[in-house]
Undergrad: 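Submitted below is the structure of interest, expressed as structure tokens.
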Amino acid sequence: MTDGPTIHGEVASGFEPVADAFRRNFTHHGEIGAAVAIYAGERPIVDLWAGFRDRRRTVPWERDTIVPVFSSTKGMAAFTLAAAVTEGLLDYERPVAQYWPEFAAHGKDAVTVRQLIDHQAGLSGLSEIVRLPQIADLDGLATVLAAQKPAWQPGTRHGYHAITLGLYQGELLRRVDPQSRTLGKIFSDDIAVPLDLDFFIGLPAEQSMDRIATLTATRGLDIVRYERNIPLRMGVEMYTKRGFSHAALNNPRCGAPARASRREFLEVEMPGSNGVGNARALAKVYGAAAGRTGALPLDDGMLDRLAAADTADDVPADDLVLHTKSRYHLGFRKSRGTFRFGSDKRAYGTTGLGGSFGFADPATGLGFGYTMNRLGLAVLDDVRSRNLREALLRCQI
């Protein structure tokens, strides 16, 4: 093994184990380019980046490099919805159809906002093929979304709404926002700009593509070298083009994940799956939430609800799409089964396809963010992210 790449950035005293784990990801786990950040409230205590942002390993990963983070975007969308609830524009326990009457089609009249954002609505796939240009047509897309028939009885099971969740959230917020802003615009105006986050849901035209890292799929012998948690049942469903996994991940038609670093994909708003940003942005927003800094447009009552340790309901833990045990809460993930993060059950966040992850740890007041450009194959718990999280737990808080 080599000594690994030069690690750039800063680490506060006591958090050196995170830097050691970050380096080990490069020397032992096939990292190409990556960043990790941890914030204690508004104070950065880890801010590291290293490696390369291109497949040929010729262009260095820099401090301001951003990268597609796929479903780690869901956390930013969940915060945006939480702000609308704080403002009184939405209520988690009210039916979606109260705000969006057309949504009631096909027996969806009783589906609550909470059931929708916690992946219980049975809307993880779409019957009509949707492509990127149609996603940009918000009125036309709303018609398709409202007309979708649930794949299971809403509220009885859950299954990961990988792409569709953000589309439903976007239309819901557009309906209730006094200015009819899109979710990406609300996030930018009310969260990203005030917190100075380098994160976008709908990449603005003025943002250069030169600063966006290119993604690399894990193939061939690298699967054997670096991957130990391969989603076999998901792979079978994708190969046979049958089942909930295929329905959730194959439509809307957005192209292969490794091709996500292109403007036509990033410029449309898919608030559950195509945000682009860096680890610092993820850690900063989750740090603001965990540390209750007052920087987010959320009141203490909302922060208490997000951090609630007991989110149990009558829905079985088995995820119909991911074929694992999942725990969802107000648009975020919570620890479940073998997938653990944070200091206790109050922690919440979202993972992204390939390995990215952001979460808040209210017990310690810390926010965590990790981004990378080699796409791992784990369903949830990428070994690189896990290494960093476990190192953090060993640190002196």
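The first residue in the sequence is number 1, and the count goes up from there. Not measured: the values here are computed from a predicted model.
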Undergrad: Taking Thr293 for the side chain and Gly41 for the main chain, is one N or O donor matched with an acceptor at less than 3.5 Å?
TA: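 Pair absent, no side-chain N/O of Thr293 close to backbone of Gly41.
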Undergrad: Show your reasoning for whether side chain to side chain contact (heavy atoms under 4.5 Å, CB included) applies to Leu126 and Leu145.
TA: CA-CA 8 Å; Leu126 296 175; Leu145 296 175; 4.0 Å; yes
Undergrad: Ignoring hydrogens and angles, state whether a donor on the side chain of Glu62 or His8 is under 3.5 Å from an acceptor on the partner side chain.
TA: no
Undergrad: Should the heavy atoms of other residues, nucleotides or ligands under 6.0 Å from CZ of Arg23 be counted, would the total exceed 12?
TA: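 Above 12, so yes.
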Undergrad: Are Leu353 and Ile32 linked, directly or through other ILVMFWY residues, by side chains that come within less than 4.5 angstrom of each other?
TA: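 No; Ile32 is not reachable from Leu353 via cluster members.
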Undergrad: Does the Lys284 side chain pair with the main chain of Glu42, one donor and one acceptor, at a distance under 3.5 Å?
TA: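 Checked: no pair found.
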Undergrad: Can you check salt bridge (charged side-chain N to carboxylate O under 4.0 Å, His left out) on Arg305 and Asp300, steps first, answer last?
TA: CA-CA 9 Å; Arg305 294 180 75 177; Asp300 284 342; over 6 Å; no
Undergrad: The test is side-chain hydrogen bond (donor to acceptor under 3.5 Å, both in side chains); show your working for Glu102 and Thr143 and say whether it passes.
TA: CA-CA 8 Å; Glu102 297 87 347; Thr143 299; over 6 Å; no
Undergrad: Check this for me: does any side-chain nitrogen of one of Glu171 and Arg175 sit under 4.0 Å from a carboxylate oxygen of the other?
TA: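 Counted as a salt bridge, because a side-chain N and a carboxylate O are separated by less than 4.0 Å.
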Undergrad: I'd like to know if the side chain of Asn373 reaches the main chain of Thr214, judged simply by a donor and an acceptor atom lying under 3.5 Å from each other, with no hydrogens or angles considered.
TA: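 At least one qualifying donor-acceptor pair exists.
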Undergrad: Going by an N to O cut-off under 4.0 Å, is there a salt bridge joining Asp222 and Arg225?
TA: yes
Undergrad: For the pair Phe332 and Tyr286, name the ring-plane relationship: parallel under 30°, tilted 30 to 60°, perpendicular over 60°.
TA: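 Phe332 and Tyr286: perpendicular rings.
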Undergrad: Taking it one step at a time, do Leu173 and Ile186 satisfy side chain to side chain contact (heavy atoms under 4.5 Å, CB included)?
TA: CA-CA 9 Å; Leu173 279 183; Ile186 298 170; 4.2 Å; yes
Undergrad: Identify the heavy atoms of Val285 and Leu195 that sit nearest to each other, and give their distance.
TA: CA-CD2, 3.9 Å
Undergrad: Do side-chain atoms of Arg53 reach the backbone of Asp210 as a donor and acceptor pair under 3.5 angstrom?
TA: yes
Undergrad: Under 6.0 Å from the CZ atom of Arg263, do we count more than 12 heavy atoms belonging to anything else shown?
TA: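 Atom CZ in Arg263 is packed in, count exceeds 12.
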Undergrad: Between Phe368 and Phe359, is a ring pair (Phe, Tyr, Trp, His ring centres under 6.0 Å) present by the stated rule, with each step listed?
TA: CA-CA 5 Å; Phe368 173 93; Phe359 70 87; 5.0 Å; yes
Undergrad: Closer than 3.5 angstrom, by distance alone: can the side chain of Arg211 be matched with the main-chain N or O of Asp64 as a donor-acceptor pair?
TA: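 It does hold such a pair.
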Undergrad: Can you list the steps and then say if Asn278 with Thr371 is a side-chain hydrogen bond (donor to acceptor under 3.5 Å, both in side chains)?
TA: CA-CA 6 Å; Asn278 54 30; Thr371 57; over 6 Å; no
Undergrad: Can you list the steps and then say if Asp319 with Lys325 is a salt bridge (charged side-chain N to carboxylate O under 4.0 Å, His left out)?
TA: CA-CA 6 Å; Asp319 191 304; Lys325 294 186 183 301; over 6 Å; no
Undergrad: Given the rule that I, L, V, M, F, W and Y join up when any side-chain heavy atoms are under 4.5 Å apart, are Val315 and Tyr348 in one cluster?
TA: no
Undergrad: So, do Leu306 and Leu298 sit near enough that their side-chain heavy atoms are less than 4.5 Å apart?
TA: yes
Undergrad: What do the steps show when you test Phe339 against Phe341 for ring pair (Phe, Tyr, Trp, His ring centres under 6.0 Å), and what is the final call?
TA: CA-CA 7 Å; Phe339 177 51; Phe341 61 92; 5.4 Å; yes
Undergrad: Decide, yes or no, whether a salt bridge links Arg292 with Asp304 under the criterion of side-chain N to carboxylate O below 4.0 Å.
TA: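 Looking at Arg292 and Asp304, the cut-off is met.
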Undergrad: Measure the acute angle between the ring planes of Tyr160 and Tyr328, then classify it against the limits of 30° and 60° as parallel, tilted or perpendicular.
TA: parallel
Undergrad: Using modelled atom types and a 3.5 Å cut-off, is there a donor and acceptor pairing between side-chain atoms of His158 and backbone atoms of Ala317?
TA: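 Checked: pair present.
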Undergrad: Taking Lys108 for its side chain and Ala146 for its backbone only, find out whether a donor-acceptor pair lies under 3.5 Å.
TA: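 Confirmed, Lys108 side chain pairs with Ala146 backbone.
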Undergrad: Just by distance, do the side chain of Ser71 and the backbone of Lys74 share a donor-acceptor pair under 3.5 Å?
TA: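 No; judged by distance alone, with no hydrogens or angles, the pair does not exist.
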Undergrad: Counting the benzene-type ring for Trp, do Phe26 and Phe22 have ring centres under 6.0 Å apart?
TA: yes
Undergrad: Taking atom CZ of Arg253 as the centre, does the number of heavy atoms from other residues, nucleotides or ligands within less than 6.0 Å exceed 12?
TA: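 Atom CZ in Arg253 is packed in, count exceeds 12.
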Undergrad: Scan side-chain atoms only and decide if Ser385 and Arg389 contain a donor-acceptor pair under the 3.5 Å cut-off.
TA: yes
Undergrad: Decide, yes or no, whether a salt bridge links Arg384 with Asp382 under the criterion of side-chain N to carboxylate O below 4.0 Å.
TA: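 Counted as a salt bridge, because a side-chain N and a carboxylate O are separated by less than 4.0 Å.
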Undergrad: Between the main-chain N or O of Arg94 and the side-chain N or O of Thr112, is there a donor-acceptor pair closer than 3.5 Å?
TA: no
Undergrad: Under a 3.5 Å distance rule, please check whether His246 uses its side chain to pair with a backbone N or O of Phe244 as donor and acceptor.
TA: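 Absent.
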Undergrad: For Glu264, check salt bridge (Lys or Arg N to Asp or Glu O under 4.0 Å) against everything at least two apart and list the hits.
TA: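 With neighbours one apart ignored, the set is Arg262.
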Undergrad: Before giving the answer on salt bridge (charged side-chain N to carboxylate O under 4.0 Å, His left out), spell out for Glu31 and Arg374 the whole-Å C-alpha distance, their side-chain angles and the decisive distance to 0.1 Å.
TA: CA-CA 6 Å; Glu31 201 78 279; Arg374 181 180 73 78; 5.4 Å; no
Undergrad: Are Arg24 and Asp20 within salt-bridge range, i.e. N to O under 4.0 Å?
TA: no
Undergrad: Taking it one step at a time, do Asn387 and His29 satisfy side-chain hydrogen bond (donor to acceptor under 3.5 Å, both in side chains)?
TA: CA-CA 10 Å; Asn387 289 342; His29 299 288; 3.3 Å; yes
Undergrad: Please evaluate residues Arg131 and Asp137 with respect to the criterion salt bridge (charged side-chain N to carboxylate O under 4.0 Å, His left out), reporting the C-alpha separation (whole Å), side-chain torsions for both, the decisive distance (0.1 Å), and the verdict.
TA: CA-CA 10 Å; Arg131 303 182 188 278; Asp137 175 12; over 6 Å; no
